[in-house]
Amino acid sequence: MDGSSLKSAQLLEQMRLHMATDAGKDIAKKVGLVYQFNIAPKKIGVDEEIFVVDLKKGEVTKGPYEGKPDATFSFTDSDFLSIAMGKMNPQIAFIRGAIKIKGSISAAQKFTPDIFPKPSKL
């Protein structure tokens, strides 16, 4: 995702490429939801960059979703990475206030580290 200073953008770019693989297509079939991520460098709500992970079409794009996403998450760059890498439980993060969620709670509960590609070992 060009022009982003967020570390999360690199992970979302990997996910975009992963969506074209068979494993990525399987995830899209299983989940079938649209997530919008509002990711802030330091503080939720300040200088956020918006990304959409569309697990209906199997796409990852930068910019707001046209229409209504199933769930919208707001978090900081570092918290997003912790959750995506499986270092922080999304439910615990929500309770602590590290994630703000709008939309369907049942859709939000399907947001787990399993939807992200595993980092490749070099």
Side-chain angles (χ1 to χ4, degrees):
M1 305 284 158
D2 294 335
S4 176
S5 61
L6 299 174
K7 292 178 183 158
S8 303
Q10 295 168 344
L11 178 69
L12 288 162
E13 176 61 19
Q14 285 179 340
M15 187 170 190
R16 187 182 71 78
L17 299 172
H18 183 64
M19 284 291 123
T21 68
D22 289 342
K25 289 174 186 161
D26 285 347
I27 292 167
K29 275 186 205 150
K30 278 183 201 156
V31 178
L33 298 166
V34 178
Y35 294 122
Q36 180 171 302
F37 299 138
N38 301 342
I39 305 173
K42 301 267 184 251
K43 186 174 183 235
I44 292 175
V46 179
D47 298 329
E48 290 178 327
E49 289 187 32
I50 299 172
F51 299 89
V52 173
V53 176
D54 185 335
L55 295 175
K56 286 181 181 168
K57 294 183 190 169
E59 297 176 340
V60 179
T61 55
K62 188 171 180 185
Y65 184 65
E66 291 180 19
K68 190 174 179 214
D70 293 295
T72 300
F73 296 89
S74 299
F75 24 39
T76 63
D77 195 21
S78 60
D79 287 340
F80 173 75
L81 286 172
S82 295
I83 292 163
M85 301 288 196
K87 293 178 182 163
M88 187 190 302
N89 178 305
Q91 283 84 7
I92 303 284
F94 177 72
I95 292 164
R96 286 188 188 150
I99 301 180
K100 293 192 172 149
I101 301 171
K102 285 184 192 160
S104 163
I105 294 300
S106 63
Q109 288 173 329
K110 291 183 180 171
F111 170 68
T112 66
D114 300 338
I115 69 171
F116 294 96
K118 301 295 166 256
S120 56
K121 294 192 168 87
L122 299 173

Asker: Looking only at non-hydrogen atoms, find the nearest pair between V46 and P41 and report the distance.
Answerer: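 Looks like O-CD, 3.6 Å.
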
Asker: Quickly, which of Y65, F111, F51 forms a ring pair (Phe, Tyr, Trp, His ring centres under 6.0 Å) with F37? Name it, please.
Answerer: F111

Asker: Quick one: CZ on F116 to CG on L81, what's the gap to the nearest 0.5 Å?
Answerer: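 Answer for the CZ-CG pair, F116 versus L81, is 9.0 Å.
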
Asker: Of the non-hydrogen atoms in A71 and S104, which two are nearest, and what is the gap between them?
Answerer: CB-O, 4.0 Å

Asker: Do K56 and D70 have side-chain heavy atoms sitting under 4.5 Å apart?
Answerer: yes

Asker: Do other residues, nucleotides or ligands put more than 12 heavy atoms under 6.0 Å from the CG atom of D26?
Answerer: yes

Asker: Between D47 and K42, is there a side-chain heavy-atom distance shorter than 4.5 Å?
Answerer: no

Asker: Can you measure from CD1 (I50) to CD1 (I39) and round to the nearest 0.5 angstrom?
Answerer: 10.0 Å

Asker: Do you know which two heavy atoms are closest between I44 and S74, and how far apart they sit?
Answerer: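 Minimum heavy-atom separation between I44 and S74: CD1-O, 3.7 Å.
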
Asker: Taking the side chain from Y35 and the backbone from A107, do they hold a donor-acceptor pair closer than 3.5 Å?
Answerer: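 Yes.
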
Asker: Which pair of heavy atoms, one from A40 and one from E48, lies closest together, and at what distance?
Answerer: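 A40 and E48 have their closest heavy atoms at CB-CG, 3.8 Å.
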
Asker: Considering only heavy atoms from C-beta outward, does the side chain of H18 approach that of I27 to under 4.5 Å?
Answerer: yes

Asker: State the NZ-NZ distance between K110 and K30, to the nearest 0.5 angstrom.
Answerer: 12.5 Å

Asker: Is any side-chain heavy atom of M15 closer than 4.5 Å to one of I115?
Answerer: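 A side-chain contact exists here, since the closest heavy-atom pair is under 4.5 Å.
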
Asker: So, do F75 and F80 have ring centers that fall under 6.0 Å from each other?
Answerer: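 Judged by ring-centre distance (under 6.0 Å), F75 and F80 do meet the cut-off.
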
Asker: Hey, what do you get for CG (N38) to NZ (K100), rounding to the nearest 0.5 Å?
Answerer: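 It comes to 11.0 Å.
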
Asker: Any idea which heavy atoms bring S4 and K62 closest together, and the distance?
Answerer: CB-NZ, 3.9 Å

Asker: Kindly say whether L6 contributes a backbone atom to a donor-acceptor pair with the side chain of D77 at under 3.5 angstrom?
Answerer: no

Asker: For the CD atom of Q109 and the CG atom of L33, what is their distance to the nearest 0.5 Å?
Answerer: 11.5 Å

Asker: Locate the shortest heavy-atom distance separating M19 from G58; write the atom from each residue and the value.
Answerer: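 So the two residues come closest at CB-O, 3.2 Å.
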
Asker: Can you tell if the side chain of I99 reaches within under 4.5 Å of the side chain of D79, non-hydrogen atoms only?
Answerer: no

Asker: Quick check for you: to the nearest 0.5 Å, what is the distance between D54 atom CG and E66 atom CD?
Answerer: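 Answer for the CG-CD pair, D54 versus E66, is 11.5 Å.
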
